[in-house]
Amino acid sequence: MPELPEVETIARQLDKALKGRVVESVEVLREKSFVGKEDDLVGRKIKKVGRKSKMVVVEFEEWNKVVLIHLKMTGQLVLTEGKKRTVGGHPTADWVNKLPSKHTRVVMGFKDGLKLFFNDMRTFGWMKIGDVPKLPPDVVDEEFDFNYLKSVLRGSKRAVKLVILDQKKMGGIGNIYANDGLFLAGVDPRKLAGELNEKEIKKLWKAVRKVINKGVVLGG
């Protein structure tokens, strides 16, 4: 499953390509994969493509709703413009093969033949029309400071790795970056979060931010 750096990379690529474009069509090929009324998107201009936690967030001008995209395990986004393709998410032959494929769940069309394909082999991912999500701070946010992490860890009787993976506590960390951050900090992932001392918490706070930010720089 893509974690914060991977989703951030995808969002930046889509923002560059789609900002200011108007949605001309939305074709839902599998109802499970799309929540909302697709006609509500037609004619709307994209203001920004960003990210929150592990989701791509598409904002529109003069509309308080957004499109949230969660790729889950096998989701991918493929933007086609003639022979040019911008791809992200789970790597399969759909990155390069003819689209739509049997894994294509939603197709969003724009002017000049530009199309965004949401493919998902196992159909755990989704696109949803909804409100801007109210979620805890992401690991890269200013709000995620040492004191915030300390408040989350203190008193917890769960293993520290489980706590930093909890998207209800902090956003963006998955299994890979949790492992890297804990290793860099020298903290046993099985240790109870509430038993970490201030020195260990400080090292962990610096480590998870370091590995996430390096992941963003390297494109995931």
Residues K37 and D39 bridged, charged N to O under 4.0 Å: no
Approximate separation, where rounding is to 0.5 Å, of H70 NE2 and K128 NZ: 9.0 Å
Distance only, no hydrogens: is a donor on one side chain within 3.5 Å (strictly under) of an acceptor on the other, for S53 and Q167? yes
Running the 4.5 Å side-chain criterion over Ile, Leu, Val, Met, Phe, Trp and Tyr, what cluster does W126 land in, apart from itself? M55, V57, V66, L68, V132, L135
Is a side-chain N or O of D166 found less than 3.5 angstrom from the main chain of K168, in a donor-acceptor match? yes
Could you tell me which non-hydrogen atom of I212 sits nearest to which non-hydrogen atom of G172, and how far apart they are? CD1-O, 4.2 Å
Could you check whether any side-chain heavy atom of F146 comes within less than 4.5 Å of a side-chain heavy atom of I201, counting everything from C-beta outward? yes
Residue pair E27 / T104, side-chain heavy-atom distance below 4.5 Å: no
Measuring from atom CG of D188 to atom CZ of F183, what distance do you get when rounded to the nearest 0.5 angstrom? 12.5 Å
Checking side chain to side chain donor-acceptor pair (under 3.5 Å) against N119, which of H103, R105, Q76, H90 comes through? Q76
Are V35 and L71 connected in the hydrophobic side-chain network, where two residues link if heavy atoms are under 4.5 Å apart? no
State yes or no: do L218 and I176 share one hydrophobic cluster built from I, L, V, M, F, W and Y residues joined by side-chain heavy-atom distances below 4.5 Å, directly or via other members? no
Please report the C-alpha distance between V58 and L18 in whole Å, then the side-chain angles of each, then the deciding distance to 0.1 Å, and finally whether the side chain to side chain contact (heavy atoms under 4.5 Å, CB included) criterion is met. CA-CA 10 Å; V58 184; L18 297 180; over 6 Å; no
Rounded to the nearest 0.5 Å, how far does CD of E31 lie from CD of E38? 8.5 Å
Do L192 and V160 sit in the same hydrophobic cluster, where Ile, Leu, Val, Met, Phe, Trp and Tyr count as joined when their side-chain heavy atoms come under 4.5 Å apart? no
Value rounded to 0.5 Å, distance of CD in E195 from NZ in K157: 10.5 Å
On a heavy-atom basis, which atom in F60 and which in V67 lie closest, and how many Å separate them? CE1-CG2, 3.7 Å
Joint hydrophobic cluster, L99 plus L116, side-chain heavy atoms closer than 4.5 Å: no
For a quick test of reading the model, state the closest non-hydrogen atom pair linking G181 to A207 and the distance between them. O-CB, 3.3 Å
Show your working on side chain to side chain contact (heavy atoms under 4.5 Å, CB included) between V49 and K19 and close with a plain yes or no. CA-CA 7 Å; V49 181; K19 183 187 296 183; over 6 Å; no
Going by heavy atoms in the side chains, are V7 and V56 under 4.5 Å from each other? yes
Closest contact, heavy atoms only, K65 versus D131: NZ-OD1, 2.8 Å
Decide yes or no for I129 and W63: does some side-chain heavy atom of the first lie under 4.5 Å from some side-chain heavy atom of the second? yes
Taking atom CD1 of I173 and atom CG of L165, what is their separation to the nearest 0.5 Å? 7.5 Å
Of R51, K54, K52, which meets salt bridge (charged side-chain N to carboxylate O under 4.0 Å, His left out) against E8? R51
Between I10 and G89, the two heavy atoms sitting closest are CD1-N, 3.6 Å
Would you mind checking if E24 and K111 are paired as a salt bridge, meaning a charged N to carboxylate O distance below 4.0 Å? no
Show, in sequence, the C-alpha distance, side-chain angles and deciding distance for Y177 and I164, and conclude whether the side chain to side chain contact (heavy atoms under 4.5 Å, CB included) test is met. CA-CA 10 Å; Y177 292 101; I164 66 174; over 6 Å; no
Considering all heavy atoms, the nearest A159-P189 contact: CB-O, 3.5 Å
Quick check on the hydrophobic clustering: are V107 and V78 connected, directly or via other members, by side-chain heavy-atom contacts under 4.5 Å? yes
For residues F117 and S101, determine if any side-chain heavy atom of one lies less than 4.5 Å from a side-chain heavy atom of the other. no
V152 vs M170, test: side chain to side chain contact (heavy atoms under 4.5 Å, CB included). Steps then yes/no. CA-CA 9 Å; V152 170; M170 62 195 76; 3.9 Å; yes
As a test of understanding, state which of T92, D120, D94 forms a side chain to side chain donor-acceptor pair (under 3.5 Å) with T74. D120
Looking at side-chain heavy atoms only, is the closest gap between F110 and V23 below 4.5 Å? yes
How about K150: does its NZ atom have over 12 heavy atoms from other parts shown lying under 6.0 Å from it? yes
Working to the nearest 0.5 angstrom, can you tell me the gap between N175 CG and E3 CD? 7.0 Å
Student check: side-chain heavy atoms of D112 and L114 closer than 4.5 Å: no
Pairs flagged by side-chain hydrogen bond (donor to acceptor under 3.5 Å, both in side chains) wherever residues 200-220 is involved - sequence neighbours left out: K191-E200
